[in-house]
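Computed from a prediction, not measured in an experiment: that's the story for all the values here. Quick note on labels: first sequence line is chain A, next is B, and so on, each numbered from 1.
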Amino acid sequence: MKARALHTWDVNTAEAREIQRRLASEVVRLSPLDSDPKLVAGVDLSPPDQDGRARGAAVVVRLPDMGIVEVRTAEATPKMPYIPGLLSFRESPPILAALEKLTTIPDFVLVDGHGLAHPRRFGIACHIGLLLEIPTVGCAKNILRGRYEGLVAEQGAWAPLIDKDEVIGAAVRVKTGVSPIFVSIGHMVDLETAVRWVLACRDRIRLPKPIALAHNAAAGKLPEMAPGSQEQLELLT
DNA sequence: GCGACAG
DNA sequence: ATCTTGTCGC
Ligand SMILES: [Mg+2]
(Lines give C-alpha, C1' and ligand atoms only; values in the text may rest on other atoms or scores of the structure.)
Protein backbone atom coordinates (compact mmCIF):
# COMPACT_ATOMS: atom_id res chain seq x y z
CA MET A 1 0.00 0.00 0.00
CA LYS A 2 1.65 3.21 -1.21
CA ALA A 3 0.30 6.77 -0.98
CA ARG A 4 0.20 8.78 -4.20
CA ALA A 5 2.14 12.05 -4.14
CA LEU A 6 -0.67 14.31 -5.30
CA HIS A 7 0.76 17.34 -3.51
CA THR A 8 3.49 18.50 -1.15
CA TRP A 9 2.99 18.52 2.62
CA ASP A 10 5.12 21.59 3.19
CA VAL A 11 2.36 24.12 2.74
CA ASN A 12 0.92 27.16 4.44
CA THR A 13 -2.69 27.32 5.54
CA ALA A 14 -3.90 29.02 2.37
CA GLU A 15 -2.20 26.42 0.19
CA ALA A 16 -3.60 23.60 2.31
CA ARG A 17 -7.15 24.88 1.88
CA GLU A 18 -6.61 25.22 -1.85
CA ILE A 19 -5.38 21.64 -2.08
CA GLN A 20 -8.45 20.50 -0.19
CA ARG A 21 -10.78 22.36 -2.55
CA ARG A 22 -9.00 20.81 -5.53
CA LEU A 23 -8.97 17.22 -4.24
CA ALA A 24 -12.50 17.28 -2.85
CA SER A 25 -13.91 16.76 -6.34
CA GLU A 26 -12.01 13.46 -6.61
CA VAL A 27 -13.71 11.85 -3.62
CA VAL A 28 -15.85 8.83 -4.54
CA ARG A 29 -19.07 8.63 -2.57
CA LEU A 30 -20.19 5.17 -3.64
CA SER A 31 -19.36 1.68 -2.39
CA PRO A 32 -18.06 -1.14 -4.57
CA LEU A 33 -20.89 -3.47 -5.59
CA ASP A 34 -19.27 -6.19 -3.54
CA SER A 35 -18.69 -4.91 -0.03
CA ASP A 36 -18.34 -7.65 2.52
CA PRO A 37 -15.27 -6.54 4.47
CA LYS A 38 -13.14 -9.17 6.16
CA LEU A 39 -10.31 -6.91 7.29
CA VAL A 40 -10.49 -3.37 8.63
CA ALA A 41 -7.72 -1.01 9.71
CA GLY A 42 -8.07 1.68 12.37
CA VAL A 43 -5.67 4.64 12.36
CA ASP A 44 -4.78 7.42 14.77
CA LEU A 45 -1.97 9.74 15.82
CA SER A 46 -0.69 10.27 19.37
CA PRO A 47 -0.35 13.73 20.87
CA PRO A 48 3.24 14.98 20.68
CA ASP A 49 5.60 14.01 23.49
CA GLN A 50 7.84 16.48 25.29
CA ASP A 51 10.17 16.52 22.32
CA GLY A 52 7.42 17.19 19.85
CA ARG A 53 7.44 13.66 18.47
CA ALA A 54 4.16 11.98 17.59
CA ARG A 55 3.39 8.38 16.59
CA GLY A 56 0.98 7.29 13.89
CA ALA A 57 -0.57 3.86 14.22
CA ALA A 58 -2.44 1.44 11.96
CA VAL A 59 -4.09 -1.64 13.43
CA VAL A 60 -5.61 -4.30 11.18
CA VAL A 61 -8.52 -6.18 12.69
CA ARG A 62 -10.34 -9.26 11.38
CA LEU A 63 -14.11 -9.21 10.93
CA PRO A 64 -16.47 -10.12 12.36
CA ASP A 65 -14.56 -11.30 15.46
CA MET A 66 -12.30 -8.23 15.59
CA GLY A 67 -9.17 -10.13 16.48
CA ILE A 68 -5.94 -8.18 15.98
CA VAL A 69 -4.07 -9.15 12.81
CA GLU A 70 -1.29 -6.57 12.54
CA VAL A 71 -0.02 -3.46 14.35
CA ARG A 72 2.34 -0.92 12.73
CA THR A 73 3.52 2.51 13.84
CA ALA A 74 5.61 5.38 12.47
CA GLU A 75 7.12 8.33 14.34
CA ALA A 76 7.37 11.89 13.09
CA THR A 77 7.52 15.48 14.24
CA PRO A 78 4.36 17.19 12.95
CA LYS A 79 5.24 20.40 11.15
CA MET A 80 1.84 21.99 11.07
CA PRO A 81 -0.06 22.80 14.27
CA TYR A 82 -3.60 21.61 14.81
CA ILE A 83 -5.95 23.96 13.00
CA PRO A 84 -9.65 23.09 12.75
CA GLY A 85 -10.27 22.11 9.13
CA LEU A 86 -6.61 21.35 8.46
CA LEU A 87 -6.17 18.32 10.69
CA SER A 88 -5.11 16.08 7.83
CA PHE A 89 -2.05 18.18 7.04
CA ARG A 90 -0.84 17.58 10.58
CA GLU A 91 -1.81 13.95 11.08
CA SER A 92 -1.73 12.27 7.66
CA PRO A 93 2.02 11.89 7.04
CA PRO A 94 2.81 9.63 10.03
CA ILE A 95 -0.50 7.80 9.66
CA LEU A 96 0.20 7.11 5.98
CA ALA A 97 3.70 5.93 6.93
CA ALA A 98 2.19 3.46 9.38
CA LEU A 99 -0.33 2.24 6.78
CA GLU A 100 2.45 1.80 4.23
CA LYS A 101 4.22 -0.57 6.62
CA LEU A 102 1.27 -2.95 6.67
CA THR A 103 1.81 -6.27 4.95
CA THR A 104 -1.90 -6.98 5.26
CA ILE A 105 -4.21 -4.96 3.03
CA PRO A 106 -7.48 -4.05 4.77
CA ASP A 107 -10.78 -3.80 2.89
CA PHE A 108 -11.31 -0.36 4.38
CA VAL A 109 -9.85 2.08 6.89
CA LEU A 110 -11.55 3.72 9.87
CA VAL A 111 -10.08 7.16 10.52
CA ASP A 112 -10.18 9.12 13.79
CA GLY A 113 -11.65 12.35 12.37
CA HIS A 114 -14.19 13.49 9.80
CA GLY A 115 -14.50 12.75 6.10
CA LEU A 116 -17.02 14.77 4.11
CA ALA A 117 -18.31 16.39 7.31
CA HIS A 118 -15.83 19.18 6.77
CA PRO A 119 -16.00 22.84 5.65
CA ARG A 120 -14.59 21.98 2.22
CA ARG A 121 -15.87 18.39 2.25
CA PHE A 122 -12.36 17.04 2.54
CA GLY A 123 -11.57 15.85 6.05
CA ILE A 124 -8.69 13.55 6.92
CA ALA A 125 -10.67 10.42 6.05
CA CYS A 126 -11.14 11.69 2.48
CA HIS A 127 -7.49 12.69 2.28
CA ILE A 128 -6.12 9.32 3.39
CA GLY A 129 -8.57 7.40 1.22
CA LEU A 130 -7.82 9.42 -1.89
CA LEU A 131 -4.04 9.17 -1.55
CA LEU A 132 -4.12 5.42 -0.91
CA GLU A 133 -7.05 4.71 -3.19
CA ILE A 134 -8.75 2.63 -0.52
CA PRO A 135 -12.24 2.88 1.03
CA THR A 136 -12.22 5.01 4.19
CA VAL A 137 -14.75 6.08 6.81
CA GLY A 138 -14.48 9.15 9.02
CA CYS A 139 -15.36 8.70 12.67
CA ALA A 140 -15.33 11.57 15.18
CA LYS A 141 -16.50 12.22 18.71
CA ASN A 142 -17.35 15.85 18.01
CA ILE A 143 -18.91 17.84 15.20
CA LEU A 144 -16.75 20.09 13.05
CA ARG A 145 -19.52 21.09 10.71
CA GLY A 146 -23.29 20.58 10.55
CA ARG A 147 -26.07 19.66 12.96
CA TYR A 148 -28.54 16.86 13.50
CA GLU A 149 -32.04 16.36 14.91
CA GLY A 150 -34.28 13.59 16.08
CA LEU A 151 -31.75 10.96 17.05
CA VAL A 152 -33.47 8.36 19.25
CA ALA A 153 -31.70 6.79 22.21
CA GLU A 154 -31.54 3.19 21.00
CA GLN A 155 -28.29 1.54 19.99
CA GLY A 156 -27.85 1.44 16.23
CA ALA A 157 -30.03 4.49 15.58
CA TRP A 158 -28.68 7.26 13.40
CA ALA A 159 -29.73 10.64 12.02
CA PRO A 160 -28.34 12.61 9.09
CA LEU A 161 -25.72 15.25 9.84
CA ILE A 162 -26.73 18.24 7.77
CA ASP A 163 -24.89 21.38 6.67
CA LYS A 164 -26.61 23.91 4.46
CA ASP A 165 -29.29 21.42 3.39
CA GLU A 166 -26.66 18.90 2.42
CA VAL A 167 -26.24 15.52 4.14
CA ILE A 168 -22.57 15.38 5.06
CA GLY A 169 -22.61 12.47 7.49
CA ALA A 170 -24.52 10.73 10.26
CA ALA A 171 -24.89 11.00 14.02
CA VAL A 172 -24.72 7.39 15.14
CA ARG A 173 -25.86 5.98 18.47
CA VAL A 174 -23.28 3.32 19.16
CA LYS A 175 -24.56 2.64 22.67
CA THR A 176 -28.03 3.22 24.07
CA GLY A 177 -28.25 6.42 26.06
CA VAL A 178 -24.69 7.49 25.26
CA SER A 179 -23.81 10.55 23.19
CA PRO A 180 -23.44 9.71 19.49
CA ILE A 181 -20.38 9.62 17.29
CA PHE A 182 -20.24 11.24 13.87
CA VAL A 183 -19.66 9.09 10.82
CA SER A 184 -18.99 10.38 7.33
CA ILE A 185 -17.84 9.18 3.94
CA GLY A 186 -14.10 9.18 3.52
CA HIS A 187 -13.64 7.65 0.09
CA MET A 188 -15.13 4.85 -2.01
CA VAL A 189 -18.05 4.17 0.31
CA ASP A 190 -21.64 5.37 0.65
CA LEU A 191 -23.01 6.72 3.91
CA GLU A 192 -25.34 3.81 4.66
CA THR A 193 -22.52 1.33 4.20
CA ALA A 194 -20.18 3.48 6.28
CA VAL A 195 -22.65 3.42 9.17
CA ARG A 196 -23.06 -0.35 8.82
CA TRP A 197 -19.32 -0.88 8.91
CA VAL A 198 -18.91 1.31 11.98
CA LEU A 199 -21.64 -0.57 13.82
CA ALA A 200 -19.96 -3.83 12.86
CA CYS A 201 -16.89 -2.61 14.74
CA ARG A 202 -18.76 -1.79 17.94
CA ASP A 203 -16.88 -2.20 21.18
CA ARG A 204 -17.53 -1.40 24.84
CA ILE A 205 -16.71 2.22 24.13
CA ARG A 206 -18.05 4.87 21.75
CA LEU A 207 -15.35 4.75 19.11
CA PRO A 208 -15.06 1.64 16.91
CA LYS A 209 -12.62 -0.94 18.22
CA PRO A 210 -10.03 -0.57 15.40
CA ILE A 211 -9.72 3.16 16.17
CA ALA A 212 -9.48 2.52 19.90
CA LEU A 213 -6.72 0.00 19.25
CA ALA A 214 -4.89 2.43 16.99
CA HIS A 215 -5.22 5.06 19.71
CA ASN A 216 -3.55 2.68 22.16
CA ALA A 217 -0.87 1.62 19.69
CA ALA A 218 -0.05 5.27 18.98
CA ALA A 219 0.22 5.85 22.72
CA GLY A 220 2.70 2.99 22.98
CA LYS A 221 0.29 0.84 24.95
CA LEU A 222 -0.06 -1.81 22.26
CA PRO A 223 3.08 -3.44 20.86
CA GLU A 224 3.89 -3.61 17.17
CA MET A 225 2.73 -6.92 15.76
CA ALA A 226 3.26 -8.83 12.53
CA PRO A 227 0.54 -10.97 10.98
CA GLY A 228 0.68 -14.52 12.22
CA SER A 229 2.40 -13.69 15.50
CA GLN A 230 -0.25 -15.36 17.55
CA GLU A 231 -0.41 -12.86 20.33
CA GLN A 232 -3.66 -12.51 22.14
CA LEU A 233 -2.81 -9.57 24.33
CA GLU A 234 -4.95 -6.54 24.25
CA LEU A 235 -4.21 -4.99 27.60
CA LEU A 236 -6.21 -2.16 29.08
CA THR A 237 -9.84 -2.29 30.03
C1' DG B 1 -16.94 41.74 12.89
C1' DC B 2 -18.25 37.60 15.75
C1' DG B 3 -18.62 32.89 16.97
C1' DA B 4 -17.57 28.09 16.15
C1' DC B 5 -13.89 25.13 15.68
C1' DA B 6 -12.25 17.04 14.16
C1' DG B 7 -7.50 15.86 16.85
C1' DA C 1 -5.18 15.21 22.40
C1' DT C 2 -2.71 15.13 26.86
C1' DC C 3 -3.77 13.58 32.90
C1' DT C 4 -6.27 9.96 36.71
C1' DT C 5 -9.47 7.03 40.87
C1' DG C 6 -13.04 7.88 42.92
C1' DT C 7 -16.93 10.44 42.98
C1' DC C 8 -21.15 13.08 41.86
C1' DG C 9 -25.50 13.34 39.49
C1' DC C 10 -29.31 11.59 36.43
MG1 LIG D 1 -6.81 11.03 17.30
Side-chain angles (χ1 to χ4, degrees), chain A residues 9 13-14 16-17 19-20 23-24 27 42-59 73-99 109-130 136-148 153 161-164 166-172 174-187 191 194-195 198 205-208 210-222 235-237:
Chain A
W9 293 102
T13 58
R17 292 186 179 97
I19 289 169
Q20 292 178 328
L23 297 184
V27 171
V43 296
D44 193 17
L45 182 77
S46 72
D49 61 22
Q50 297 179 347
D51 303 322
R53 304 278 293 172
R55 183 162 40 231
V59 178
T73 65
E75 276 191 36
T77 301
K79 298 174 181 177
M80 191 164 300
Y82 166 67
I83 299 170
L86 299 182
L87 176 69
S88 73
F89 282 84
R90 172 182 176 80
E91 296 204 349
S92 292
I95 287 175
L96 289 170
L99 283 168
V109 179
L110 284 172
V111 181
D112 185 30
H114 294 288
L116 290 183
H118 176 277
R120 288 166 294 282
R121 308 295 184 256
F122 198 72
I124 187 171
C126 303
H127 208 150
I128 288 173
L130 191 64
T136 55
V137 174
C139 211
K141 289 187 291 189
N142 298 95
I143 292 175
L144 172 63
R145 196 70 177 234
R147 54 180 196 72
Y148 69 96
L161 180 64
I162 296 173
D163 180 41
K164 297 184 300 183
E166 179 187 359
V167 176
I168 60 174
V172 179
V174 174
K175 296 181 68 65
T176 299
V178 175
S179 54
I181 62 173
F182 303 94
V183 175
S184 57
I185 291 171
H187 190 46
L191 185 56
V195 171
V198 165
I205 55 180
R206 267 206 305 166
L207 285 178
I211 290 180
L213 290 171
H215 188 88
N216 290 335
K221 297 176 180 175
L222 186 65
L235 297 73
L236 314 177
T237 61

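- Distances shown here put a side-chain N or O of A:N142 below 4.0 Å from the OP1 or OP2 atom of B:dG7.
- Taking atom CG of A:D49 as the reference point, atom C1' of C:dC3 lies 15 Å away to the nearest angstrom.
- Spacing between atom CZ of A:R120 and atom P of B:dA6 amounts to 13 Å, rounded to whole angstrom units.
- A close approach under 4.0 Å does occur between a side-chain nitrogen or oxygen of A:H215 and OP1 or OP2 of C:dT2.
- The CD atom of A:E75 sits 8.0 Å away from the OG atom of A:S46 when rounded to the nearest 0.5 Å.
- Between the NE2 atom of A:H118 and the C1' atom of B:dG7 there is a distance of 12 Å, rounded to whole Å.
- Among the heavy atoms of the strands, none lies under 4.0 Å from A:I181.
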Open item on the list: Give the dot-bracket line for DNA chain C from 5' end to 3' end: parentheses for intra-strand Watson-Crick or G-U pairs under 3.5 Å, square brackets for crossings, | for inter-strand pairing, dots for unpaired.
Closed with: ..........

Task: A:R121/A:C126 under side-chain contact (heavy atoms from CB on, under 4.5 Å): CA gap, chis, key distance, verdict - done: CA-CA 8 Å; A:R121 308 295 184 256; A:C126 303; over 6 Å; no

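- Remark: C1' of C:dA1 and CD1 of A:I83 are 16 Å apart, rounded to the nearest angstrom.
- One can place CZ of A:R147 at 16 Å from P of B:dA4, the figure rounded to the nearest angstrom.
- Taking the side chain as every heavy atom from C-beta outward, A:L23 and A:I19 approach each other to under 4.5 Å.
- Looking only at distances, no side-chain donor or acceptor of A:E91 sits under 3.5 Å from a matching main-chain atom of A:D112.
- In this structure, the separation between NE2 on A:H215 and CG on A:L207 is 8.5 Å, given to the nearest 0.5 Å.
- One N or O on the side chain of A:R55 and one on the backbone of A:A218 form a donor-acceptor pair closer than 3.5 Å.
- Using a 4.0 Å heavy-atom distance criterion, A:L45 is classed as making no nucleic acid contact.
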Task: Watson-Crick or G-U pairs under 3.5 Å in DNA chain B, rendered as dot-bracket with [ ] for crossing pairs and | for another strand - done: .......

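- Distance CZ (A:R145) to P (B:dC5): 11 Å, rounded to an integer number of Å.
- Using a distance-only test at 3.5 Å, with no hydrogens or angles considered, no donor-acceptor pair links the side chain of A:S184 to the main chain of A:H114.
- Residue contacts for A:G85: at a heavy-atom cut-off of 4.0 Å it reaches a base atom on one of the strands shown.
- The side chain of A:P48 approaches C:dA1 more closely than any other nucleotide in the set B:dA6, B:dG7, C:dA1.
- Taken from CD1 in A:I128 to CD1 in A:I95, the straight-line distance is 4.5 Å, to the nearest 0.5 Å.
- Between atom CG of residue A:L87 and atom CD1 of residue A:I124 there is a gap of 4.5 Å, rounded to the nearest 0.5 Å.
- Between A:H127 and A:F89, the ring planes are perpendicular. Angles over 60° get that label, and only those under 30° would be called parallel.
- In this structure, the CD1 atom of A:I211 is 12 Å from the C1' atom of B:dA6, given to the nearest Å.
- Taking side-chain N and O atoms only, A:Y82 has no distance below 4.0 Å to OP1 or OP2 of C:dA1.
- Dense packing is recorded around CZ of A:R53, with more than 12 heavy atoms of other residues, nucleotides or ligands lying under 6.0 Å away.
- Look at CD1 on A:I143: it is 11 Å from P on B:dG7, rounded to the nearest Å.
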N/O contacts under 3.5 Å, protein versus nucleotides 5-10 of chain C?
none

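- Side chains of A:L86 and A:R120 form a contact here, defined as non-hydrogen atoms less than 4.5 Å apart.
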